Asks: 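Sharing a structure with you now.
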Number of protein chains: 2
Amino acid sequence: MKDGPDIARVASLMGDPARANMVMALMGGRALAAADLAREAGIAPSTASGHLDKLVSAGLLKVRSQGRNRYFDIAEPDVAEAVEALTAVAARAGHLRSRPGPRDEAMRHARSCYDHLAGRVAVDLFARWLEAGVLCRRGGDVHVTRKGRDFLVRGGVALAQLETGKRPLCRSCMDWSERRHHLAGMLGAEVLALAVTRGWAVRSSQARAVSFSRRGETEFVRWYSRIVQPAP
Amino acid sequence: MKDGPDIARVASLMGDPARANMVMALMGGRALAAADLAREAGIAPSTASGHLDKLVSAGLLKVRSQGRNRYFDIAEPDVAEAVEALTAVAARAGHLRSRPGPRDEAMRHARSCYDHLAGRVAVDLFARWLEAGVLCRRGGDVHVTRKGRDFLVRGGVALAQLETGKRPLCRSCMDWSERRHHLAGMLGAEVLALAVTRGWAVRSSQARAVSFSRRGETEFVRWYSRIVQPAP
DNA sequence: TTCATGCTTCGACGGTAACCGAAGGATCGC
DNA sequence: GCGATCCTTCGGTTACCGTCGAAGCATGAA
C-alpha cells in the first residue's frame, strides 16, 4: 500500500537496550570486537552474536574479519547522525539510562556520557567556548568558528582528522545533573580522550566514571579556558 | 551504572510499526485526532489510544483537547529531526515498507513518499534545483541558496512560514525506484501540497498515490524548471 | 433529558523475540 | 598437531507487549 522508508524497522533495531548499548559503544569511532560489545551490553556472547548479525544485515553496522576476531563499526555516517538525533530527544525528554546506586557529588562534578565528558566541568567548558566564540550555534546546530579552529589546533586537537568521521563534529547534549548543555559529537569525544591521554583524568573501565586528579583538573580547566587571542 | 540519554527507550517507541505510522502521519505538520491516527496506522481505536498515551508520556507527541476530540502533534523539533534521520538511514539501507501488488509504471513515475513527492518526476526536480543553484549541498545537508529563495518565493512558496516549523526545511531522501535522491523535509512536503492545491495532481486518499493529469504534469514541470534568472 | 460520537480503561489472548548454555567451526600460538 | 581463544549455531525457556472487543466516561447535539 504505502511506500517510503521503513523507519520502524531501523528504530526497532536501536530500540533494544542491548543493541542500543552496542551501537553507543561504537560511537567513539573505534571498531570493537564482538566480545567487547557483548561485555558492553551486558549479555552473553551468543546473544550478542545474534544482535550483531541483525545490525549488520540491516546496514547499521559493518564488520571486518581479522584473524579470529570480528571487528564491528558504524556502517555509514547517517547511522551516527540518527543516533545523535535520538540522543538529543532522549536527553531533552529526560529519559536517562538506569543508574543504580546513590548519586554522589563526584559524579555531578565530572563523569562521562558515553564517550564524551559530562557534569559541571563539561557544562562550564561548553559555556566558555560559546562565549569566547570558539563555537557558535546556528539553528540548533553547533559549529566551530574560524577563530575556534585556530584555538583548538593550537591546543593539540587534530581537527582535520575528526572531520573525516561519520559523526557530526559538534553536538550539544543535555546534561542531566546540571540541566544545561555540554559538548558531544566528535569533538566532545576528542576532548575527553585528550584529557585522558594527557594524564589529567582517568576513566574507570568498569563504571565509565571519569575522575580528575586535583592537579589534572586545574590543567584541564586552564587548557580549555586559555584566552582566545587574536593572532599576535 | 551508566548515565546518559536512554536512546533505546525513544527508539523502541518509534520501533513499533503502528506508532511509527502515526508519527509519520504527523510529519506533515498538521495535528490529527486520535481516530485519524488509528486509521492511518490500521489499528483499533483502543489500541491507538494506548500507543498515543505512551508517545505523549515519553515526550514525543503533545496533545490538545478540543471538545470531544484530542488532537495530537509532534512535541518538539528534535523529534522531527530524529524521524528524518531515521528515514535517511532506512532509505539508504533499502528498508521499504511493504508494498503488496505489482509495481506499475505509473508508480515509478510519480508517487508520494509520506508527505512528499517521489518517483522520476521528484528525482528530476531535485537534480534540476541542485544544478540550477536553487539548492546546494553542504556536508550531507541540503540548503536553499539566496538565489533559490527568490526563485521559490516567486513561485508561490511561503518560505518564511515553512521555516518556523519543527522540521528541517530541506532533506534528501533516497528514491527506491530511481536509486537517486529526491527532496524531502518541509519544502518537499510543500511542493507536493502546492501541486495538489493548483490542481496539477490529485492524491488518492486511500492509497496515498499521486497522479498527475497530463496537462497538470506539464504545468508542474514548467513550474519547477523555470529558468532561474538573475534579477532583470 | 436522551441519544450519538470520540476516546479511554479493562481483561484476555497470542505471537514475537530476547536470553542463556552447550556444542560446533574457525583461527592462532606453541 | 594440540590446546586455547573467538565466535556462531541450535534448542528450549521465558516474558513482554501489541492486539482486540466490550464496557465506561466524557462531550456535544437534538
Side-chain angles (χ1 to χ4, degrees), chain A residues 1-2 6-26 30-58 60-73 75 95 97-98, chain B residues 1-2 6-26 30-58 60-73 75 95 97-98:
Chain A
M1 187 85 86
K2 296 177 183 180
D6 184 5
I7 141 175
R9 179 158 171 203
V10 175
S12 73
L13 282 167
M14 299 194 188
D16 176 77
R19 283 192 295 260
N21 281 329
M22 291 195 268
V23 171
M24 276 308 212
L26 292 172
R30 282 195 311 283
L32 295 175
D36 299 328
L37 292 168
R39 193 164 356 96
E40 198 71 33
I43 54 180
S46 60
T47 309
S49 181
H51 285 310
L52 290 168
D53 188 39
K54 282 178 191 159
L55 289 168
V56 170
S57 305
L60 297 189
L61 299 185
K62 65 181 181 220
V63 60
R64 170 174 52 91
S65 289
Q66 198 174 54
R68 55 190 168 190
N69 294 316
R70 298 188 73 202
Y71 290 96
F72 294 85
D73 196 0
H95 301 314
R97 297 199 293 180
S98 66
Chain B
M1 185 89 85
K2 297 177 182 180
D6 184 5
I7 139 176
R9 179 156 171 202
V10 175
S12 73
L13 282 167
M14 300 194 188
D16 176 76
R19 284 193 293 260
N21 281 330
M22 292 195 267
V23 171
M24 275 310 211
L26 292 172
R30 281 196 312 282
L32 296 174
D36 298 328
L37 292 168
R39 191 162 359 91
E40 196 71 32
I43 54 179
S46 60
T47 308
S49 180
H51 285 311
L52 291 168
D53 187 38
K54 282 178 189 159
L55 290 168
V56 171
S57 305
L60 297 189
L61 300 185
K62 65 182 180 218
V63 61
R64 168 174 54 91
S65 289
Q66 197 174 56
R68 54 189 170 192
N69 294 317
R70 299 188 73 202
Y71 289 96
F72 294 85
D73 196 1
H95 302 312
R97 298 199 293 182
S98 64

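First the proteins, then the strands, lettered A, B, ... as listed; each starts at 1. These numbers were taken from a predicted model, which means no experiment stands behind them.
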Asks: Listed by chain and number, what are the side-chain hydrogen bond (donor to acceptor under 3.5 Å, both in side chains) partners of A:Asp36, not counting sequence neighbours?
Replies: A:Arg39

Asks: How does protein reach along nucleotides 19-30 of chain D, written 5' to 3' as B (base within reach of a heavy atom under 4.0 Å), S (only sugar-phosphate), or - (no contact)?
Replies: SBBB----BS--

Asks: Can you check the B:Met14 CE to D:dG18 P distance for me, whole Å?
Replies: 15 Å

Asks: Have a look at the helix from C:dT1-D:dA30 to C:dC30-D:dG1 and give the angle its two end axes make, five pairs each, rounded to 10 degrees.
Replies: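 Comparing the axis at each end, I get an angle of 30°.
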
Asks: In whole angstrom, give the distance that lies between atom CG of A:Asp36 and atom P of D:dC6.
Replies: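 That distance rounds to 9 Å.
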
Asks: Can you check whether A:Ser12's main-chain N or O pairs, donor with acceptor, with A:Arg19's side chain at less than 3.5 Å?
Replies: yes

Asks: A:Leu37 CG to D:dC6 P: how many Å, rounded?
Replies: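 The distance from CG of A:Leu37 to P of D:dC6 comes to 14 Å, rounded to the nearest Å.
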
Asks: What pair of heavy atoms forms the shortest contact from B:Lys54 to B:Leu13, and how long is it?
Replies: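 That would be CB-CD2, 4.1 Å.
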
Asks: Closest heavy-atom contact between A:Leu37 and A:Ala25?
Replies: CD2-CB, 4.1 Å

Asks: Once you apply a heavy-atom cut-off of 4.0 Å, does B:Ala48 come out as touching a base, just sugar-phosphate, or nothing?
Replies: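 No contact.
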
Asks: Does B:Ser49 reach the main-chain N or O of B:Pro45 with its side chain, forming a donor-acceptor pair under 3.5 Å?
Replies: no

Asks: Assess the residue pair B:Leu60 and B:Met14 against the criterion (side-chain contact (heavy atoms from CB on, under 4.5 Å)); give the C-alpha distance rounded to whole Å, side-chain angles, the decisive distance to 0.1 Å, and a yes or no.
Replies: CA-CA 9 Å; B:Leu60 297 189; B:Met14 300 194 188; 4.2 Å; yes

Asks: Among residues at least two apart in sequence or on other chains, which ones pass side-chain contact (heavy atoms from CB on, under 4.5 Å) with A:Thr47?
Replies: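 Partners of A:Thr47 by the side-chain contact (heavy atoms from CB on, under 4.5 Å) criterion, ordered by chain and then number, come out as A:Ile43, A:Ala44, A:His51.
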
Asks: For DNA chain C, which nucleotides open and close the run of contacts to chain A, 5' to 3', at under 4.0 angstrom from a non-hydrogen atom?
Replies: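 Contact span on the strand: C:dA18 to C:dC28.
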
Asks: If I compare all heavy atoms of A:Tyr71 with all of A:Ala33, which pair ends up nearest, and what's the gap?
Replies: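 Minimum heavy-atom contact is CD2-N, 3.7 Å.
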
Asks: Given 3.5 Å as the limit, does a donor-acceptor pair link the side chain of A:Arg64 with the main chain of A:Asp73, or not?
Replies: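 No, the answer is negative, given that no donor and acceptor are paired below the 3.5 Å cut-off.
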
